[in-house]
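I have placed the structure first, in the form of structure tokens, so that the comments after it can refer back to it.
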Amino acid sequence: MANYQEQSIKIYNSLTGQKETFKPLNEGHVGMYVCGPTVYSNVHLGNVRTFMSFDVVFRYLKHLGFKVRYVRNITDAGHLENDADEGEDRIAKKARLESIEPMEVVQRYTVDFHNILNSFNFLPPSIEPTATGHIIEQIEIIKAIIDNGYAYEVNGSVYFDVHKFNEDKAYGVLSKRKLEDLIHNTRQLDGQSDKKNPQDFALWKRAEPQHIMRWPSPWSDGFPGWHLECTAMSTKYLGEKFDIHGGGMDLKFPHHECEIAQAEACNGHDPVNYWMHANMLIMNGKKMAKSTGNFILPNEIFSGDNPHISKAYNPSVARFFMLQAHYRSILDFTDAGLQASEKGFYRLMEAVNSLKDLKAGSSSTLNINEWRQKCYDAMNDDFNTPILIAQLFEGVKLVNQIKDGTASLTSNDLKVLENTLHIFCFDILGLTNAASAEGSGDKLSEAVNLLIELRQEARMNKDFGLSDKIRDRLAEAGIQLQDGKDGTVFTTN
RNA sequence: GGCGUCUUGGCCGAGUGGCUAGGCAGAGGUCUGCAAAACCUUUUACAGCGGUUCGAAUCCGCUAGACGCCUCCA
């Protein structure tokens with residue numbers, strides 16, 4: 001069996017801008033942290049794409065035999081709508097609008113989040129910690145940062161001193177920004193601020209009297225700043241230094257930059273070896289935004305109930321569609337793209353389902369182990385799922401050629417083919433075999449199979465008027481008959 | 001305005017300094033009573049202009065355009 005000692009993975013590290021050979025801190029173990037959602041509304045499809053990318057990373061690392069601790073947080077604490085000391089806590093705002101408790105908002109959308117991810121066949125992370133469950137840890141980090149001289153308190157709030165930090169270390173290494181540029185380009189905001197400088201960010205905010213989500217601290221009754229939870233939880237569960245930190249491209253600045261600063265200010269060194277950023281999902285060439293109507297909820301893909309798509313799509317089809325693009329590329333979500341993927345997906349599944357019927361030959365016309373390694377090579381090269389899928393279609397071609405008798409594999413090689421297709425389709429890409437779900441024995445199948453029999457009899461009698469009538473009327477009812485070598489099967493839409 | 005990413009054939013979408021990505025669509029074929037499906041084969045490419053090089057779609061520069069971040073956002 002393949003394992004991490006046989007395969008060498010290269011990861012594109014956002015910190016260095018290069019692909020680097022992946023070497024975990026502790027051999028055989030991987031610590032991975034991915035910034036999770038803020039649960040104040042239905043999970044964004046782009047968010048799903050990001051998590052899907054890391055779901056595949058998680059699956060692949062596990063497949064290689066690494067012991068992976070995958071931490072993905074749930075942000076359920078109040079974050080302000082912006083970083084300028086003003087705006088409303090998004091969860092509190094939603095709670096006010098719907099006249100429910102903030103924690104009801106959190107609960108509702110956490111459940112929604114999990115439901116959607118389950119539909120897409122995500123593996124649950126090893127730990128899914130919540131921000132509100134780690135207030136104490138966050139306060140401890142603030143204390144340490146203050147002690148180290150990189151934070152200051154004003155009116156019960158605590159701010160990170162970016163300028164001071166930049167004197168000793170480098171702020172902006174991840175997003176390749178210079179503090180001077182930031183200073184020149186920071187918009188002058190009107191609201192009066194307690195910050196020394198606009199680039200500073202909150203570690204702790206004093207709560208206004210009407211603010212419901214609040215916790216006691218040495219500085220005030222308040223709530224933690226919006227970058228701190230990730231530092232607290234990643235440190236707690238993965239240590240001061242861990243292997244992989246992931247998230248959406250848009251979190252690079254300021255969120256991840258602030259995480260690096262916080263961790264360095266607290267622990268004296270940078271926290272992460274490999275930073276990975278998943279690119280954006282757009283729809284019909286434009287940014288997805290509720291305000292412009294260029295928007296779709298994950299659920300609406302499954303139901304087809306959205307003006308931007310022509311029909312409902314199986315979650316595995318949507319998953320397959322997303323994985324046909326590399327995680328570092330912008331992906332355009334379109335109905336035409338989904339339809340193309342749908343056909344390809346079912347062709348792939350068809351081939352996988354027919355594996356069990358293949359007959360072994362006395363020799364092999366293809367070096368199966370070479371092909372198998374190409375699948376690994378694709379994943380080893382910065383988790384290149386599109387290349388992997390291209391290789392899987394080479395496998396499809398081979399399956400069909402064996403069926404046609406134009407290629408053959410020995411019994412052992414056939415097992416390698418079957419095993420490899422199963423591993424990469426299901427274990428690593430996380431697809432589910434929707435095609436094999438059609439059960440026999442239910443009432444619809446019984447009825448349609450009877451009609452297929454009758455049609456077959458009509459054809460034998462050359463009564464094509466009747467046989468075509470059966471076929472056409474069934475088609476009108478949404479049931480397609482497909483004549484094959486081994487008889488007729490049907491599909492429904 | 002600043003910073004960054006990107007621009008591939010009808011569509012989607014990989015990739016590399018010289019050697020077929022792949023999917024969908026199109027074309028041809030096999031199969032079939034016919035059709036569909038399925039399978040096999042297959043055409044069209046690297047935004048524009050310069051430069052480096054024996055050779056560039058791949059490296060560099062400029063131009064145009066797109067997208068993202070800079071402000072909650074994945």
Side-chain angles (χ1 to χ4, degrees), chain A residues 14 17 34-38 40-41 43-54 79-84 86-90 93 172 175-178 180-182 184-187 189 226 246-255 257 277-282 285-290 320-321 324-326 328-334 336-345 347-348 350-351 354 374 378 381 384-394 396-397 399-401 403-404 406 458-460 462-464 467-468 471-472 475 480-485 488-491:
Chain A
S14 303
V34 172
C35 293
T38 302
Y40 71 106
S41 67
V43 61
H44 192 287
L45 189 62
N47 216 162
V48 170
R49 184 198 181 199
T50 297
F51 298 142
M52 191 181 291
S53 302
F54 291 104
H79 285 170
L80 294 184
E81 281 189 320
N82 65 45
D83 198 27
E86 51 186 50
E88 202 173 354
D89 165 339
R90 295 197 308 253
K93 183 179 180 182
S175 55
K176 318 258 184 301
R177 281 159 211 250
K178 291 193 173 64
E180 305 92 78
D181 296 338
L182 289 171
H184 291 140
N185 292 313
T186 302
R187 254 181 248 170
L189 292 151
W226 56 297
M249 199 78 99
D250 54 344
L251 291 182
K252 211 172 183 180
F253 187 88
H255 184 61
E257 204 66 75
H277 290 95
N279 217 138
M280 303 290 106
L281 180 75
I282 58 176
K286 293 211 175 70
K287 178 177 178 164
M288 268 201 204
K290 265 184 205 165
F320 185 72
F321 167 76
Q324 270 186 305
H326 185 75
R328 281 192 289 117
S329 297
I330 292 171
L331 174 62
D332 192 5
F333 187 91
T334 61
L338 280 167
Q339 286 195 27
S341 291
E342 182 176 50
K343 289 188 182 167
F345 171 70
R347 199 156 79 84
L348 175 61
E350 199 103 350
S354 62
K374 279 184 191 167
D381 185 12
N384 198 321
T385 53
I387 293 284
L388 169 63
I389 288 170
Q391 288 302 331
L392 295 180
F393 275 105
E394 293 302 319
V396 169
K397 194 168 157 187
V399 168
N400 291 327
Q401 284 175 340
K403 263 199 280 191
D404 283 0
T406 54
R459 291 173 73 196
M460 299 289 263
K462 299 210 188 296
D463 184 358
F464 299 122
S467 70
D468 288 355
R471 181 176 70 199
D472 295 343
Q480 284 80 38
L481 299 189
Q482 294 173 0
D483 297 331
K485 270 185 184 147
T488 303
V489 294
F490 72 94
T491 57

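All chains are named by letter (A, B, ...) in the order of the sequence lines, taking the proteins before the strands, and each is independently numbered beginning at 1. These numbers come from the heavy atoms of this one structure, side chains and all, not from hydrogens, waters or symmetry mates.
Within the structure, a side-chain polar atom (N or O) of Asn384(A) is placed less than 4.0 Å from OP1 or OP2 of G15(B). At the phosphate of G68(B), neither OP1 nor OP2 sits under 4.0 Å from any side-chain N or O atom of Lys286(A). Between Asn400(A) and the phosphate of C40(B), there is a side-chain N or O to OP1/OP2 separation shorter than 4.0 Å. Checking the phosphate oxygens (OP1, OP2) of C12(B), no side-chain nitrogen or oxygen of Thr334(A) falls inside 4.0 Å.
In this pair, His255(A) and Trp226(A) present their aromatic rings parallel. The plane angle is below 30°, not in the 30 to 60° band.
Distance check on atom C1': G68(B) versus U58(B) gives 24 Å, rounded to whole Å. Comparing U16(B) with C24(B), their P atoms sit 24 Å apart, to the nearest whole Å. To the nearest whole angstrom, the two C1' atoms, one in A21(B) and one in U52(B), are 28 Å apart. A distance of about 23 Å separates the C1' atoms of C40(B) and G10(B), rounded to the whole Å. Nucleotides U44(B) and G9(B) place their C1' atoms 5 Å apart, quoted to the nearest Å. To the nearest whole angstrom, the two P atoms, one in G55(B) and one in U63(B), are 26 Å apart. Taking atom P in both A45(B) and C19(B), the straight-line distance is 14 Å, to the nearest Å. The gap from the P atom of A56(B) to that of G4(B) amounts to 29 Å, rounded to the nearest Å.
One distance of note links OG of Ser53(A) with NE2 of His326(A); it measures 8.5 Å at 0.5 Å rounding. Separating the CZ atom in Phe321(A) from the CZ atom in Phe333(A) is a distance of 6.0 Å, to the nearest 0.5 Å.
Residue side chain Asp483(A) reaches the base of A35(B) through a donor-acceptor N/O pair under 3.5 Å, judged by distance alone.
In this structure, of A36(B), A74(B), A14(B), it is A14(B) that holds the atom nearest to the side chain of Ala325(A). Nearest nucleotide to the side chain of Asp468(A), out of C40(B), C34(B), C70(B): C34(B). Of all nucleotides listed (A36(B), G13(B), C40(B)), C40(B) comes nearest to the side chain of Gln401(A). Nearest nucleotide to the side chain of Leu251(A), out of C34(B), A74(B), G13(B): A74(B). When distances are taken from the side chain of Asn47(A) to each of C39(B), G13(B), A74(B), the shortest belongs to A74(B).
Pairing for U52(B) is absent, judged as Watson-Crick or G-U wobble with the two contacts each under 3.5 Å. The partner of C39(B) is G29(B), judged by Watson-Crick or G-U wobble contacts that both fall below 3.5 Å. A 3.5 Å limit on both hydrogen-bonding distances identifies no Watson-Crick or G-U partner for U71(B). G9(B) is unpaired under the Watson-Crick or G-U wobble criterion, no partner having all donor-acceptor distances under 3.5 Å.
As a whole-Å value, the separation of Lys252(A) NZ from U5(B) P is 8 Å. Atom CH2 in Trp226(A) sits roughly 13 Å away from atom C1' in A74(B) (whole-Å rounding). In this structure, Met280(A) atom CE and C69(B) atom P are separated by 7 Å, rounded to whole Å. Between the CD1 atom of Ile330(A) and the C1' atom of U8(B) there is a distance of 15 Å, rounded to whole Å. Atom NE2 of His326(A) is separated from atom P of C6(B) by 11 Å (rounded to the nearest Å).
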* If a protein heavy atom is under 4.0 Å from the base, mark B; if only from the sugar-phosphate, S; if neither, -; do that for nucleotides 16-30 of chain B going 5' to 3'. => -----BSSSS-----
* Candidate pair Asp483(A) and Arg459(A), rule side chain to side chain contact (heavy atoms under 4.5 Å, CB included), full reasoning -> CA-CA 12 Å; Asp483(A) 297 331; Arg459(A) 291 173 73 196; 3.7 Å; yes
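Although no hydrogens or angles enter the test, the distance criterion places no donor-acceptor pair under 3.5 Å between the side chain of Gln401(A) and the main chain of Thr406(A). Remark: side-chain polar atoms of Ser467(A) are paired, donor with acceptor, to backbone N or O of Phe464(A) under 3.5 angstrom. Distance alone, capped at 3.5 Å, is enough to place a donor-acceptor pair between the Arg49(A) side chain and the Asn279(A) backbone.
Here Ser467(A) lies in heavy-atom contact (under 4.0 Å) with a base.
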